[in-house]
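Some notes on the structure that comes next.
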Amino acid sequence: MKLEQMYEGKAKKVFATDNPDECIVSYKDDATAFNGLKKGTIRGKGEINNRLTNYFMKKLEEEAGVPTHFIEELSPTDTLVKKVRIVPLEVIVRNVIAGSLSKRLGAPEGTELKCPVLEFCYKDDELGDPMVNDYHILAMGWTDKETLEKIKEYAFKVNDYLKNFFSKIGIDLIDFKLEFGITSGGELVLADEISPDTCRFWDSKTKEKLDKDRFRRDLGDVEGAYQEIIKRVFSHE
Ligand code: TMP
């Protein structure tokens, strides 16, 4: 079923299958930060990110009305997904100031935002994923107006769903990054992953960081943070 490798990214590999409309995503333990400048391994990350992503993609389809690329989990690290053409945008939603927004606005991390903030970055490693707005996106033809509006609608739906979910397991959803794709049938779907690599999770009480910032900032016990997230998510059921 798993045919030739089509693509290798920083955290995942993508393989062709015998169905031209489907592919297999294989999650790696490799971790990078700062556009690949910092490299490492987070033991068990591939399995954790695969299982968490699939869990949330299923929930988002069933309970939040957000279509996704997810088809079927094949193994602890491999998942069958719809083949998509990725819209070249990183779609970021923020509830609390952290990371690059803290630097950009000169406001301390942890500052509450009065309402969620939506940002777009153009996916281009050579350019360092520059922040862009609706005008750049439409003028460059990266997607059309109707699709862009749908992306925004889905991004806020994902935020509402995840924020509520994580609040019940004692975690503040600070911010996260999504990617969307277009299937061979022309449907806009949520793609990529939802994991501690792509979200900031802080313990609600202690504000301890339980995400990839532990790797980015050398805070120690990176594996423990990923394990804590999966333990709390699955003990919720
Ligand atoms: P930022 O504060 O560094 O802009 O990150 C915002 C969110 O996006 C945070 O949850 C981490 C996530 N993110 C990625 O998933 N991939 C990236 O390459 C970067 C820079 C951030």
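For the single chain, residues carry numbers from 1 onward in sequence order. Just so you know, ligand 1 is whichever comes first in the structure, and atom 1 is the first atom listed for that ligand.
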In short, salt bridge (Lys or Arg N to Asp or Glu O under 4.0 Å) pairs touching residues 172-186 with sequence neighbours left out are Arg94-Asp175, Lys123-Glu179, Asp172-Lys207, Asp175-Arg200, Lys177-Glu179, Lys177-Asp192
Would you mind checking if Glu228 and Arg232 are paired as a salt bridge, meaning a charged N to carboxylate O distance below 4.0 Å? yes
What protein heavy atom sits nearest atom 1 (P) of ligand 1, and how far off is it? Ser100 OG, 3.4 Å
Applying a strict 4.0 Å limit to heavy atoms, is Asp197 in contact with ligand 1? yes
At the 4.0 Å heavy-atom cut-off, does Arg94 count as touching ligand 1? yes
Atom indices of ligand 1 within 4.0 angstrom of Arg216 heavy atoms, with elements: 11 (C)
Do NZ/NE/NH1/NH2 and the carboxylate oxygens of Lys150 and Glu146 come within less than 4.0 Å? no
Return the closest protein heavy atom for atom 7 (C) of ligand 1 as residue, atom name and distance. Asp175 OD1, 3.7 Å
Using every non-hydrogen atom in the two residues, find where Ile97 and Leu105 come nearest and quote the distance to one decimal. CD1-CD1, 4.5 Å
Is atom 20 (C) of ligand 1 touching the protein, meaning some protein heavy atom lies under 4.0 Å away? no
Give the residue and atom name of whichever protein heavy atom lies nearest to atom 15 (O) of ligand 1, and the separation in Å to one decimal. Lys177 CE, 3.1 Å
Show me which atoms of ligand 1 lie under 4.0 Å from any heavy atom of Cys199. 10 (O)
Do any nitrogen or oxygen atoms of Arg200 come within less than 3.5 Å of a nitrogen or oxygen of ligand 1? yes
Flag the pair Lys157 and Glu153 as a salt bridge only when some basic side-chain nitrogen lies within less than 4.0 angstrom of an acidic carboxylate oxygen. yes
Look at Glu109 together with Arg217 and state whether they make a salt bridge at an N to O cut-off of under 4.0 Å. yes
Protein contact to atom 17 (C) of ligand 1 [nearest heavy atom, distance to 0.1 Å]: Glu90 OE1, 4.1 Å
Looking at Lys12 and Asp78, does any basic side-chain N land under 4.0 Å from a carboxylate oxygen? no
Determine whether the side chains of Asp197 and Tyr226 contain a donor N or O and an acceptor N or O closer than 3.5 Å. yes
How are the rings of Trp142 and Tyr122 set to each other: parallel, tilted or perpendicular (split at 30° and 60°)? parallel
Out of all atoms in ligand 1, which are within 4.0 Å of some heavy atom of Gly99? Include the element for each. 2 (O)
Need the ligand 1 atom indices (1-based, order shown) with element for anything under 4.0 Å from a heavy-atom of Thr198. 10 (O), 12 (C), 15 (O)
Any atoms of ligand 1 less than 4.0 Å from a non-hydrogen atom of Phe176? List them with their elements. 10 (O)
